[in-house]
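Keep in mind the model is a prediction, meaning the values are calculated, not measured.
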Amino acid sequence: MVEIRFHGRGGQGGVTSAELTALAAIDEGKYAQAFPSFGPERRGAPVTAFVRVSSEAIRTREKVYEPNIVVVLDPSLLQIVNVEAGLRPGGIVILNTKKSLEEIRKETGITARLALVDASKIAIETMRVPITNTTMLGALVKATGVIAMDSLRGPIQHRFGPIADKNMKACARAFEETTVEG
Amino acid sequence: MGKRVGMEVSIAAAEAVGMADVDLIAAYPITPQTHVVEHLSELVADGHLDAEFVPVESEHSAMSTCVGSSAAGARTFTSTSSQGYALMAEICYIAAGLRLPIVMVVANRALSAPINIWNDHADMMMSRDTGWIQTIAENGQEVVDLIFHAFRVAEDHRVLLPFIINMDGFTLSHVIEPIILPDKEEVARYLPPFKPALRLDPKHPVTIGPVGMPDVYTEAKKVHDEVLKASKDVIVEAWKELGDQFGRYYKPVETYKTEDAENLLFTMGSISETAMTAIDAMRESGKKVGLVHLRLWRPFPSDEIYEAMKGAKAIAIVDRALTLNGVCGPVCAEIKSTLYDRKFHPYIKNYIAGLGGRDVTVDNFVEMMDKLAESAGRGDPMGYEIVGVKE
């Protein structure tokens, strides 16, 4: 079983990222769960959402405490949230940042393997909004392969309708531009 | 043969209500029930569901509308939670006393104060004695299946009682997971059209809901009690037929790895799946433990509880609500009475866990079972303990 934790800010679509990941995995015939860290929704406040993906039926409903993968939608969260908390050995942190690997290591002290992408820039250029949920899914696919790019198309189409193509474009561009630490 | 989809459980619940070909929905939105009602409202507004959607101004009015609707012979649904459920409670007793087969999904949530929108079973226990049939789901698939089952049983002329499906708020209602949604035709095969035994009809006037003077009130209550008790056979029969048709079988009380278990864990609702994972972990480390989990809350399945628990050395019973300063939690009290009546007196420890959305983890269950074994060994007083209190 793979466990994923998404960090975002209210309004950026972190919960949607988690949902789309689970829907894509379920479309692949796998078992999956997606759920937010439940609470009153406040725009701009730090939000977490969780995903489990497994080849077998999932029989737990506790929160994800020890993720294999952490995805951070907003660079400013790095200063206020320990995004690496509970990460399993061999896990990976996927960041939306314009900074280099060296800068991130120095500034955040994250020791885990990293994958980096300037998702904010991609989202603005592709969709004209700084909403990085679908963009970061491209990075997730590139860095982990937990779901396939093709499996996202259906859920994104269903969720975004007329703006699905833009979202898929941002997602695909992030896949190309994500650098994954070896 | 239906289709496997990824879907939020609340949306699946609304889809199931739609597939049950409901005639009227009256509801007031309240967290965490909101998505159920929103989606039903959409289904009606978009023309996918030919039903009346009555957007009432309160839960009291929601249930009042349901009473009128059901008495007029319409298949009727509502949904609520917590504070809204409390406001609705007055009419819930009336719906049951009038034997109206209304079906309701309750997204279980804590009661204020302090204000808390998260999951526990305080609302479910508050309404324990309203005289409705009550089941509780462990996952999204069960929510869907239990909705079809509820209409079928409630409307059966041997029963004619309102029916609640309890669904843990957030921890179930807001989770996206794989669910098999049957075709509408399949549901129609399982669930025949509603044929009311008696209905309000100006051409054939009847009186529903007159005063019950002291000379008949006791008898009316006795009948209600007997009918609720007897509904268990119909509930089990309808589950058997659901299983035969859809391949998913349900029982009033379920067991997991209890065959040779010395100590048992008891749970109800969505934490039961986490409890199974905990049992697996404990089994791997050689502990002889098993899980008894409840699906039917009213009528209370005493015989099945006894059968599942007899022979156990010690039992940990998890309650998701607190009976403030009572002997123990509400479910534990029920189980203790059941076992006492049957002259079976194991060591029982009651854990109150997961209040107001506090997470209940695999580690919590392992710790409960370890403490149970130690306490039973020492012969500690039984009583109840609130799990994970920060002191």
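- Across B:P178, B:G169, B:G140, the residue that shares the most heavy-atom pairs under 4.5 angstrom with chain A is B:P178.
- A salt bridge does not link B:R320 to B:D123: none of the charged side-chain nitrogens sits closer than 4.0 Å to a carboxylate oxygen.
- Interface residue B:V362: backbone and side-chain heavy atoms are both found under 4.5 Å from chain A.
- For the residue pair B:N166 / B:Q134, a side-chain donor-acceptor distance below 3.5 Å is found, with atom types taken as modelled.
- By the side chain to side chain contact (heavy atoms under 4.5 Å, CB included) test, B:S272 pairs with B:E138, B:T267, B:H293, sequence neighbours left out.
- For the pair B:Y351 (side chain) and B:D319 (backbone), a donor-acceptor distance under 3.5 Å is absent.
- No donor-acceptor pair closer than 3.5 Å links the side chain of A:R159 to the backbone N or O of A:A164.
- The stretch residues 61-89 of chain A places A:R61, A:E62, A:K63, A:Y65 near chain B, each with some heavy atom under 4.5 Å from a heavy atom of that chain.
- The closest side-chain heavy-atom distance from A:D118 to A:E177 is not below 4.5 Å.
- In this model, no donor atom of one side chain and acceptor atom of the other lie less than 3.5 Å apart for B:T277 and B:D280.
- Interface remark: A:A22 contributes side-chain atoms only to the contact with chain B (heavy atom separation under 4.5 Å).
- Between chain B and the options A:G29, A:A25, A:A18, heavy-atom pairs under 4.5 Å are most frequent for A:G29.
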Quiz item: Can you check salt bridge (Lys or Arg N to Asp or Glu O under 4.0 Å) on A:E103 and A:K98, steps first, answer last?
Solution: CA-CA 10 Å; A:E103 283 174 292; A:K98 57 170 114 242; over 6 Å; no
